Amino acid sequence: MNEFDLVILGGGSGGYASALRGAQLGLSVVLIEKDKVGGTCLHRGCIPTKALLHAGEIADSTRHAADFGVKAEFISMDMLAVNAYKDGVISKLYKGLQGLVKSRNITVVEGHGRLVSKNQVEVNGTIYTGKNIILATGSYPKTLPGLEIDGTQIVTSNEAMSFDYVPKSVIVLGGGVIGCEFASVWNSFGADVTIIEGLPRLVALEDESSSKQLERAFRKRGIKFEVGVKFASATKGPEGVTVTLENGATYTADVLLVAVGRGPVSAGLGYEEQGITMDRGYVLVDNKCRTNVPGIWAVGDLIPTLQLAHVGFGEGILVAEEIAGLNPRPINYDGVPRVTYSEPEVASVGLTTAVAKERGYDVVELTYDLAGNGKANILKTAGSIKLVAQKNGPVLGVHMVGSRVGELLAEAQLIYNWEATADDVAPLIHAHPTLSEAMGEAHLALAGKPLHAHG
């Protein structure tokens, strides 16, 4: 009998997290995936792009080795070897995930699933019936009207992460997280890079101060960008791809990367036919990821929350625990850590200054420059930690720019989510010399007792 407590459609971050947690809680689980368990994040997203970024970091370190008294010469990128390294990381994590799934007695079905009733999914002619259905079909790279992806000259992130050569020149259409990460990678690999962004600044969802610092760092690295001007058209010719903007400006490069966001995978899967409420392809849910149809849930990039793998993990766990009767706390999406893994990194948690003011807070701000941090000087990185706080109240947001600052989010998210004040954090002694020490210094300064900072 193909009857289960949980029938999960999609084996990416949200789907497999709900499968693992559900099985842990004693539920019978079938996980349906048309490709490989792990989804976009493991195979075509988070993991491979970070491997490419690390290869780029090694290339840049080699170029600047003399700054540290090391004699080394950068010759070129060997993209076959880079891809072998990247694929090796993916393969190791994939094997580990397969082992986890198997150890929890989760039934994995390979094939294209479709919702055919309010409690049934069909795969290759076989019906799987569930007391609960979890929709976790993920997302795909979007393009713009009239802009056709050919996979070689005009590409999305899917194709870009498997290039077997370094293009001489690249135009990146989109200055969000994905666009800035690929711009950083290709610049490190030796390509000439130009970013086109229709919004007024790069990483426009981040605090404005973070955007300005990233833009300054990109200029210093030789990454060009045009912001506040929208794309009009693209044409392919013997010299490459020529992009025309609405202001008439044109740019030509070997490759055009289209990084204008990701859209939900929901078309033709039977969702509307079962009466599920949708909006622009997204499945709408409540704060426990329930759809309007009893017994059907949705998680990950399919719903209009932050498109981050760790959000998918959190939502998958939340749903499994809710189904098992544990009544978990809903996710506070403001408290989710966010990182752009470019060089320098941009990392944040909580509210930006603009959002905090919109919500009526009496805002105070404190910016601690990494120039005063010993480890940042050792690493030769520039940047800052900016705190946004309620006057005489808790920290509302932490916004960071600099090499490796994503690693500081562990403490930052505790400060935000536990509603700590600067006075709560200031007495905590941070190891010296570390980048994390800058978090302590920032809170010391906000508490009115700066140490390695003017005040």
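The structure presented is a predicted model; accordingly, all values stated were derived computationally and were not measured.
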Could you list the donor-acceptor pairs under 3.5 angstrom formed between side-chain atoms of residues 157-180 and any protein atom two or more places apart in sequence or on another chain?
unit_1	atom_1	unit_2	atom_2	d
E159	OE1	T156	N	2.7
E159	OE1	T156	OG1	2.9
S169	OG	D254	N	3.0

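The closest donor-acceptor contact from the side chain of K288 to the backbone of P328 lies under 3.5 Å. A donor-acceptor contact shorter than 3.5 Å links the side chain of N292 to the backbone of T277.
Under the salt bridge (Lys or Arg N to Asp or Glu O under 4.0 Å) criterion, the residue pairs touching residues 362-378 are E365-K386, with sequence neighbours excluded. Applying the salt bridge (Lys or Arg N to Asp or Glu O under 4.0 Å) test to residues at least two apart or on different chains, the pairs with a partner in residues 187-201 are D192-K224. Pairs engaging residues 326-347 under the salt bridge (Lys or Arg N to Asp or Glu O under 4.0 Å) rule: D334-R359 [sequence neighbours left out]. Within the structure, the salt bridge (Lys or Arg N to Asp or Glu O under 4.0 Å) test picks out the following pairs touching residues 37-63 (sequence neighbours left out): D35-R44, K50-E181, E57-R404, D60-R63, D60-R221.
Listed here is the closest heavy atom pair of Y94 and L42: CA-CD2, 3.8 Å. The shortest non-hydrogen separation linking S184 to F218 is CB-CZ, 4.5 Å.
Rounded to the nearest 0.5 angstrom, S384 OG and L366 CG are separated by 10.5 Å.
Checking each of E322, E315, E321 against R21 for a salt bridge (charged side-chain N to carboxylate O under 4.0 Å, His left out) leaves exactly one that passes, namely E321.
Scored by the side chain to side chain contact (heavy atoms under 4.5 Å, CB included) test, E419 finds P394 as partners (sequence neighbours excluded).
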